[in-house]
Amino acid sequence: MGVAITLRDVTVSYREDVALRRVSLEITEGEMVGIVGPNGAGKTTILTVVNGLGRLLHGEANVLGCRMQAGRRGRDFRLSNAARRMRVRIGFVPQGQNVDPRLPVNVREAVMIGRYGRIGPGRHPKREDWRLVDELIDLVGMTPLAERPFGHLSGGEQQRTAIARALAQEPQILLLDEPTASLDWRSRQEILELMHRIHRDRGLTTLLVSHDPRETFDLCNRVVLMRQGSVYAFGPPEQALSDANIQEVYGKSPLCCHGDGHDHRHERADGEEAGGNGRI
Amino acid sequence: MGVFEYQFMQHALLAGLLGGIACSLVGVFVVSMHLSFIGVCLSHAAFAGAIIAMFFGFNPVAGAFVFSLGAAAAIGPLADRGDFNPDASLGIMFSLMLGLSFMFLGLMEGPKTQALGLMWGSILTVTQEHLILLAVVAFLVLGTVSLLFKEVQAVIFNREIALAVGLPATWILYGLLILTGLTVTASLQPIGGLLIFSLILNPAAAAYQLTYSLRKLFILAGCFGVLSCWMGLALAYLFNLPSGATIVVFSTLIFLVCNLFSPKRRFKQLRETEGASINA
């Protein structure tokens, strides 16, 4: 297995705030890596760096062979053609956003947008493209809503559509930015199950940003625990998300107080001490 | 109908056809990407450019062209930056352009008929050169919409997602802004600098009420644009009204009627009553 993503000493800043501080990571092909941490820890920024949309102040990122180096005054790769070609191979599911309900795009068209980078300018989607799109809509369980305007969907339905669109790219890397944020419990479970199935069946290199460490615990091979723009721990979930690390980063154990306010302390085997703490 | 035998009327009808198509198609980008204020800025920049060029004895069309392109280049990065609201900078640009126009208008000596004509427009005195310019711009706009339909659709859907699937979304946005600037420049003489933007906004906003299909949106907007120009022209001729203003008022009427019969309005009402019954 080769290396899919390397970040070396990456520093990113938005205006005055430093969003990432000297972050180095190496992610192997086919791995599912969770990125967790409190708000503002720089989780989403890691995804933007991988996608060539973050402003690199220092360091370099190497993604699928595309090398992105920081310039002297910070640099993003929005206009770069090499980064554009790289993005064709990276499926991206952004955080749920407010969508204009009158938007003139339906679910099938929204998923087809994922093919556009591959199809290329001046050409139209072919029958095979539509067939693939319909298969993916079926995979995410959206077939009954395929003709519905995108703006009329619920949050969970929009996320399913976004996952289908990302897969329509036939990507080598999948980036998921809090795909379950602001969803109800049932939609969350369904989306998590869907991501698990996709990763199992397709073996895509996947980065999953989550505000809830529990979500990544069972799903991911390794977890990056972020704090204030730096990597606090990186390793297998039971190491990186050890009680001591969680305590240190969140101030209190999220296994007891995070999310829906219920006591989940006993969901894990009581008192089980994870080996090592994965600190780096 | 002897009136159609006059060359000025034939020119006016042709200008209405070309201008109506160019303005309303560009309007679809502007309306569905929520860039209305940016469009207003561009049209005032073109107006200021034309007045300043006239003051210095240059061709007003050249001045309008340079200024609207300059404004598009300045506004592009503002519009592309999603992380802050460019309202204040746009407001400053808008008022500066209006200020420059009136300043140079005040500095002009002698009768200001030609300069004031640019403000109100006069479709009945369109020259052959204006028609050629309008035809070129209308052809460019139509060409962009048909050749780059899927790219335009993706950028309208969501610019960050268009970038993420590997489309040069930032370049496409700049291209659309420049196209808007060109359309404004070419329509300055027939419709007038202060009125042009309603012809861009109204037909597209009217069509936006009626359909969820982008293809139909372009077709409907084009029809409404030409209808506004021709009906405005006819009413102006019959009742001896200023042509540009009549066109704009008629296009607003079309918008109001469409808004009244909009199925999207029904959807909104339905959602509100559903919400109310759930809350009850």
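Values in this document were obtained by computation on a predicted structure and should not be read as measured data. To find a chain, count down the sequence lines: A is the first, B the second, and so on, and within it residues start at 1.
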Tell me, side chain or backbone of B:Leu217 under 4.5 Å from chain A's heavy atoms, or both, or neither? side chain
Would you mind checking which part of [X] comes under 4.5 Å of any heavy atom in chain B, side chain (CB onward), backbone (N, CA, C, O), both or neither?
X        : result
A:Tyr116 : both
A:Arg165 : side chain
A:Pro94  : side chain

Residue set satisfying ring pair (Phe, Tyr, Trp, His ring centres under 6.0 Å) with A:Phe150, at least two apart, ordered chain then number -> B:Phe157
Rounded distance (nearest 0.5 Å) linking atom CD of A:Glu147 with atom CD of A:Glu109: 8.0 Å
Top contributor to chain A interface from [options] [non-hydrogen pairs under 4.5 Å]:
options                      : result
B:Gln153, B:Lys150, B:Gln209 : B:Lys150
B:Leu214, B:Leu147, B:Ile161 : B:Ile161
B:Pro168, B:Ser146, B:Ala162 : B:Pro168

Side chain to side chain, A:Ile163 and A:Ile191, heavy atoms closer than 4.5 Å: yes
A:Arg148 and B:Tyr212: CA distance, side-chain angles, deciding distance, side-chain contact (heavy atoms from CB on, under 4.5 Å) verdict: CA-CA 9 Å; A:Arg148 187 165 289 193; B:Tyr212 288 106; over 6 Å; no
Quick test of your reading: applying side chain to side chain donor-acceptor pair (under 3.5 Å), list the pairs with at least one residue in residues 43-52 of chain A, sequence neighbours left out, ordered by first then second residue. A:Thr44-A:Asp177
Could A:Arg87 and A:Phe92 be counted as a cation-pi pair, given that NZ or CZ must be under 6.0 Å from the ring centre and within 45° of the axis? no
Between A:Ile90, A:Asp100, A:Leu175, A:Asn106, who has the most heavy-atom pairs with chain B when the cutoff is under 4.5 Å? A:Asp100
